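Okay, so here's the structure we're looking at.
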Amino acid sequence: MTAIATHEELNVYESAEARFEIAAKQLGLEEGLYRFLKYPNKEITVYIPVVMDDGHIEVFIGYRVQHSLVRGPCKGGIRYSPNVSIDEVRALASWMTWKCAVVDIPFGGAKGGIICDPEKLSRAEIERLTRRYTAELSEWLGPEKDVPAPDLGTDPQVMAWVMDTYSMHLRHTVTGVVTGKPIDIGGSRGRREATGRGMLITCNKALERFHLKPSDCRVIVQGFGNVGSIAAQLMHETGYKIIGASDIHGGLYNEKGIDIPKLIDWVYGQHKPLPDFPGGGERASSQDILFRSCDVLVPAAVENQITSQNAHQVDCKILCEGANGPTTAYADAILQEKGVFVLPDILANAGGVTVSYFEWVQDRQGFFWRENEVNNRLKDVMEHSFDEVVQVRETHKVNNRTAAYMLAIRRVASALRLRGIYA
Ligand code: NAD
């Protein structure tokens with residue numbers, strides 16, 4: 001059993017701030033710009049009335065935080081979860097600013113969330129909740145203002161409802177108001193796989209540094225949703241051996257490797273619990289799987305999985321962060337001391353927002369690309385961003401996370417200096 005990290009350590013907003021502070025100090029960022037970039041631009045709270053299926057009215061609390069508009073429209077997912085809080089949304093919004101800047105796409109950061117348990121709502125209730133949330137926010141959203149995407153608990157169908165509601169208010173179809181939409185209504189080919197594909201690309205680059213081949217690598221993936229299952233699938237296809245996988249119901253560990261296509265069919269085709277996968281391997285808890293020996297560890301579920309209380313148990317060469325904020329700021333130093341090569345979230349999982357950017361470009365052009373065109377452009381962006389982060393790491397003798405933040409803050413600060421402060 002691992003001890004519990006403190007409340008302060010687990011506050012994701014404080015974790016995000018701690019990383020920002022380290023990188024800003026290292027960069028020698030001016031006091032005024034530091035103050036400007038530390039705070040969000042705008043925070044909106046909405047109380048969303050929904051008529052439930054049984055006829056009673058429920059009121060849900062929703063947020064949208066726009067952290068930065070300095071480099072372009074705000075960009076960031078919408079999360080439906082009982083654990084949503086304003087601090088979490090604030091942290092996720094600022095991470096989006098840095099993530100977009102690391103991969104050098106012309107967006108600022110935002111995030112939205114509704115405190116609800118989507119597992120306990122019917123599809124019709126989720127649709128009404130989504131439409132009313134969108135209607136409440138409609139003046140703040142738009143292709144030139146703020147462009148949501150799916151996140152935990154939301155999916156392409158939810159994005160379709162956001163797009164439709166916004167379009168009904170404007171009286172014409174505005175596909176570019178959200179990304180991660182179904183392909184039939186302006187979504188991009190390759191978007192569904194983009195976050196996992198970006199993770200594969202950055203892992204492949206990291207492997208070169210260790211002179212390892214994918215077939216030499218044992219991988220453990222925590223979280224088997226959009227990000228985790230697709231990363232596992234693409235890594236499996238590339239020759240990596242996936243020896244552990246878990247979701248909220250528990251995990252499986254198998255030294256010989258798990259048959260990932262069959263596991264995906266079990267979980268998504270047959271809708272069965274992941275740990276019940278026949279012949280899958282030894283059962284493990286969702287969290288214990290993180291501490292088995294492997295070469296590449298992929299936390300792709302939720303925040304705060306690797307903390308000061310358990311980081312010493314992590315036994316991998318490469319930590320590829322699929323989730324946002326899976327590692328606390330307190331755990332960073334322990335991982336660094338252990339020599340773990342961290343692919344930080346704002347780099348490793350940036351493939352999703354990169355193809356979201358491609359989707360926004362395609363919607364605005366009204367011209368849609370073939371899947372290999374999307375994937376090739378994504379590869380180019382991810383490889384280039386990886387090289388840039390490593391270059392900052394080597395020049396400033398910092399770890400990868402601080403290097404990624406430095407690269408991002410430098411870009412946003414430069415745009416801010418050029419624009420100046422409007423008075
Ligand atoms: P999802 O809802 O599709 O999947 C989440 C998965 O995590 C599910 O398998 C769930 O069972 C599992 N899970 C939840 N709590 C867990 C726990 N305590 N232990 C183990 N497993 C647990 O969500 P997703 O879109 O795959 O997002 C996962 C993470 O990746 C989030 O942090 C999200 O912010 C981040 N992310 C997502 C995208 C994207 O394109 N979807 C892009 C960048 C980052």
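Just follow the structure's listing: the first ligand is 1, and inside any ligand the first atom is 1. What you see is a predicted model; the values in this text were computed from it and never measured. The figures here come from the full heavy-atom set of this structure, side chains too, leaving out hydrogens, waters and symmetry mates.
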Report each N/O pair between ligand 1 and the protein that falls under 3.5 Å, naming both atoms.
from	atom 1	to	atom 2	distance (Å)
ligand 1	3 (O)	N226	N	2.9
ligand 1	9 (O)	F224	N	2.9
ligand 1	9 (O)	G225	N	3.1
ligand 1	11 (O)	I248	N	3.0
ligand 1	21 (N)	I248	N	3.4
ligand 1	26 (O)	N226	N	3.2
ligand 1	26 (O)	V227	N	2.9
ligand 1	30 (O)	G322	O	3.4
ligand 1	32 (O)	A301	O	3.4
ligand 1	32 (O)	N324	N	3.1
ligand 1	34 (O)	R79	NH2	3.0
ligand 1	34 (O)	D151	OD1	2.7
ligand 1	34 (O)	N324	ND2	2.8
ligand 1	40 (O)	R191	NH2	3.4
ligand 1	40 (O)	T195	OG1	2.8

Kindly indicate, with the supporting measurements, whether the criterion side-chain hydrogen bond (donor to acceptor under 3.5 Å, both in side chains) is fulfilled by D265 and Q270. CA-CA 6 Å; D265 180 59; Q270 304 182 45; 3.1 Å; yes

Do the charged groups of R79 and E303 touch, with an N to O distance under 4.0 Å? yes

K120 with E125: basic N within carboxylate O range, under 4.0 Å: no

Using only atom types and a distance under 3.5 Å, with no angle test, would you say the side chain of S414 pairs donor to acceptor with the backbone of R410? no

Does NZ or CZ of R19 lie under 6.0 Å from the centre of the six-membered ring of W98, at an angle within 45° of the ring axis? no

Answer yes when E17 and K38 have at least one side-chain N-carboxylate O distance shorter than 4.0 Å, and no when they do not. yes

